[in-house]
Amino acid sequence: MKVLYFAWVRQKVGIAEEAVSPPGEVRNVGELITWLSARSPGHAEAFAQPRQIRAAVNQEFAGPDALVAANDEIAFFPPVTGG
Amino acid sequence: MKVLYFAWVRQKVGIAEEAVSPPGEVRNVGELITWLSARSPGHAEAFAQPRQIRAAVNQEFAGPDALVAANDEIAFFPPVTGG
Amino acid sequence: MARILVQEAGFDVAAETQALQADRTDVGGIASFLGVCRSDDGLAALVLEHYPGMTERALAGIAAQAEARWPLTGCTIIHRIGRMLPGDPIVLVLTASAHRTAALESCAFLIDWLKTGAPFWKREEFADGRERWVEAKPEDEAAAQRW
Amino acid sequence: MARILVQEAGFDVAAETQALQADRTDVGGIASFLGVCRSDDGLAALVLEHYPGMTERALAGIAAQAEARWPLTGCTIIHRIGRMLPGDPIVLVLTASAHRTAALESCAFLIDWLKTGAPFWKREEFADGRERWVEAKPEDEAAAQRW
């Protein structure tokens, strides 16, 4: 599973991208956030306020209940501010 | 009183502009239309359908009840179609 | 104060856009509408007539309403008169503001009002020699009234 | 098919406008919105980050929605990334249609959705060295939801 981070989520995690292999009980975005939070203090800080976090699964916006699978590309970032 | 005609109103009247001196009982735009209609067959044709006619008094849109006076500039034209 | 031009000549969209930004960095968005001559039904040319004097007054009045209603940093209205061929630009409305909503709304307001509140008339000339004065559309009146 | 570009380089508003008219005379109106970097609160620069791949998909999806909803003859979205200085253009949305309402509405729709539905993030850099990620505005979400 490929995980990408953008904007201040990337800055707090400290890396832009990583390959992870969460255990089988991590089935959705919300569970992945919980699991990733334990990886490092940076991860923990990035995900400390889940309401500030948005996600995409395979480049489509996804909520916390969206399922995640081994070959997915999952991205975490703040609410978007383009335009 | 200066009277101006635009678009097909001008084409039907046959002139773009004329100076007129209507009698005192011609007090408003509607009465001026009636009075002008008697000036020539072209005027009559131009004003045959008063609902198709719009007017301006001193360069402001005006309804049939708008007053007209000797030194006014009165214009008659179809509904506008710019933009 | 809005920039209002009624002219036979064409106009330079890029230069007009640039002029609204010149020497200022408080502009966040510029909305524009460019009206173009279509070639519907074999149209060969469109001839635009106006009421000199009243046109400029009407456009300035409409622009002043927009400036009173939205916090604009600039506003430009250029309307051409005379003979246009299919593809030719006819009218340009530009509005600039710190925020996009003010720019977008005021631009739509201006073009809607310009269609019903400024003394321009269009005559269509067709390839087969026919001529026809364009009739006012009830939906244009409705569009202007919604503001 | 909309023309979608995500690029560091600037863009040529006049050329992009012209391209929507090239070789056709069924375009009656072109609406546009140009987003510009403001210098609020001593801003020195704005740095725009995005999600390569997803950005283009999201913009194409938003444009396809606009094209399904309004009878457009053309649609262009150009969004810059990287470092912008006050006064620099950031985003350009152009919509062309036979009729003005379709062009104006779809342009407003696109910029509203782009603000909430495309993965861009802005970081502000100030003259005194401070940096700050721009926060999403609730009114942007509301603007997008009204469509």
Side-chain angles (χ1 to χ4, degrees), chain C residues 11-18 20-40 42-44 46 73 84-101 103-112 114-115 137 139-140 142-143 146, chain D residues 11-18 20-44 46 73 84-101 103-105 107-112 114-115 137 139-140 142-143 146:
Chain C
F11 41 76
D12 182 335
V13 176
E16 296 296 339
T17 305
Q18 197 62 44
L20 290 173
Q21 294 183 259
D23 301 319
R24 58 193 308 163
T25 54
D26 58 344
V27 177
I30 300 178
S32 88
F33 180 80
L34 174 68
V36 177
C37 178
R38 290 195 312 266
S39 66
D40 297 1
L43 183 91
L46 201 58
T73 59
M84 319 281 156
L85 303 181
D88 282 352
I90 300 172
V91 60
L92 177 68
V93 173
L94 286 169
T95 50
S97 177
H99 301 288
R100 77 179 184 290
T101 307
L104 289 164
E105 287 186 359
S106 59
C107 182
F109 165 86
L110 285 168
I111 189 71
D112 279 346
L114 202 153
K115 292 230 166 215
K137 296 190 203 74
E139 62 262 36
D140 283 343
R146 77 193 160 104
Chain D
F11 42 76
D12 181 336
V13 176
E16 295 297 338
T17 305
Q18 198 62 44
L20 291 173
Q21 293 184 257
D23 301 321
R24 57 194 309 165
T25 54
D26 58 343
V27 177
I30 300 178
S32 88
F33 180 80
L34 173 69
V36 177
C37 178
R38 290 195 312 264
S39 65
D40 298 2
D41 310 320
L43 182 91
L46 200 58
T73 59
M84 320 279 156
L85 303 180
D88 282 352
I90 301 172
V91 60
L92 177 68
V93 173
L94 286 168
T95 51
S97 178
H99 300 288
R100 79 179 181 291
T101 306
L104 289 164
E105 288 186 359
C107 182
F109 165 87
L110 284 168
I111 189 71
D112 280 345
L114 201 151
K115 292 231 165 215
K137 297 190 201 74
E139 61 262 36
D140 283 342
R146 77 193 159 106

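Chain identifiers are assigned alphabetically (A, B, ...) following the order of the sequence lines, protein sequences preceding nucleic acid strands; residue numbering begins at 1 within each chain. In what follows, every heavy atom counts, from backbone to side chain, and hydrogens, waters and symmetry copies are set aside.
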Open item on the list: Is the shortest side-chain heavy-atom distance between C:Phe33 and C:Asp112 below 4.5 Å?
Closed with: no
Open item on the list: If we define contacts as heavy-atom pairs under 4.5 Å, which of C:Gly29, C:Ser39, C:Ser32, C:Ala14 has the most with chain D?
Closed with: C:Ser32
Open item on the list: Once rounded to the nearest 0.5 Å, what's the spacing between atom SG of D:Cys37 and atom CD of C:Gln21?
Closed with: 10.5 Å
Task: Top contributor to chain D interface from C:Thr17, C:Val13, C:Asp26 [non-hydrogen pairs under 4.5 Å] - done: C:Asp26
- [ ] Search all heavy atoms of C:Ala103 against all heavy atoms of C:Ala31 and return the closest pair with its distance.
- [x] O-CB, 3.3 Å
Task: C:Arg24 side chain to C:Thr73 backbone, donor-acceptor under 3.5 Å - done: yes
TODO: Flag the one option from C:Ile30, C:Thr95, C:Leu94, C:Val27 with the top tally of heavy-atom pairs under 4.5 Å to chain D.
DONE: C:Ile30
Task: Gap separating the CG atom of C:Leu114 from the CG atom of C:Asp140, nearest 0.5 angstrom - done: 10.5 Å
TODO: May I ask you to name which of D:Lys115, D:Glu105, D:Gln18 has the most heavy-atom pairs under 4.5 Å with chain C?
DONE: D:Lys115
Open item on the list: Can you tell me how far apart CZ (C:Arg100) and SG (C:Cys107) are? Round to the nearest 0.5 Å.
Closed with: 15.0 Å
TODO: Counting only heavy atoms closer than 4.5 Å, note whether D:Asp23 contacts chain C via side chain, backbone, both or neither.
DONE: neither
Open item on the list: For C:Ala98, which atoms come within 4.5 Å of any heavy atom of chain D: side chain, backbone, both, or neither?
Closed with: both
Open item on the list: To the nearest 0.5 Å, what is the distance between NZ on C:Lys137 and NE2 on D:His99?
Closed with: 7.5 Å
- [ ] Enumerate by number any residue of residues 85-93 of chain C whose heavy atoms lie under 4.5 Å from heavy atoms of chain D; in the absence of such residues, state 'none'.
- [x] C:Pro86, C:Gly87
Task: Rounded distance [0.5 Å steps], CG in C:Leu43 versus CE in C:Met84 - done: 12.0 Å
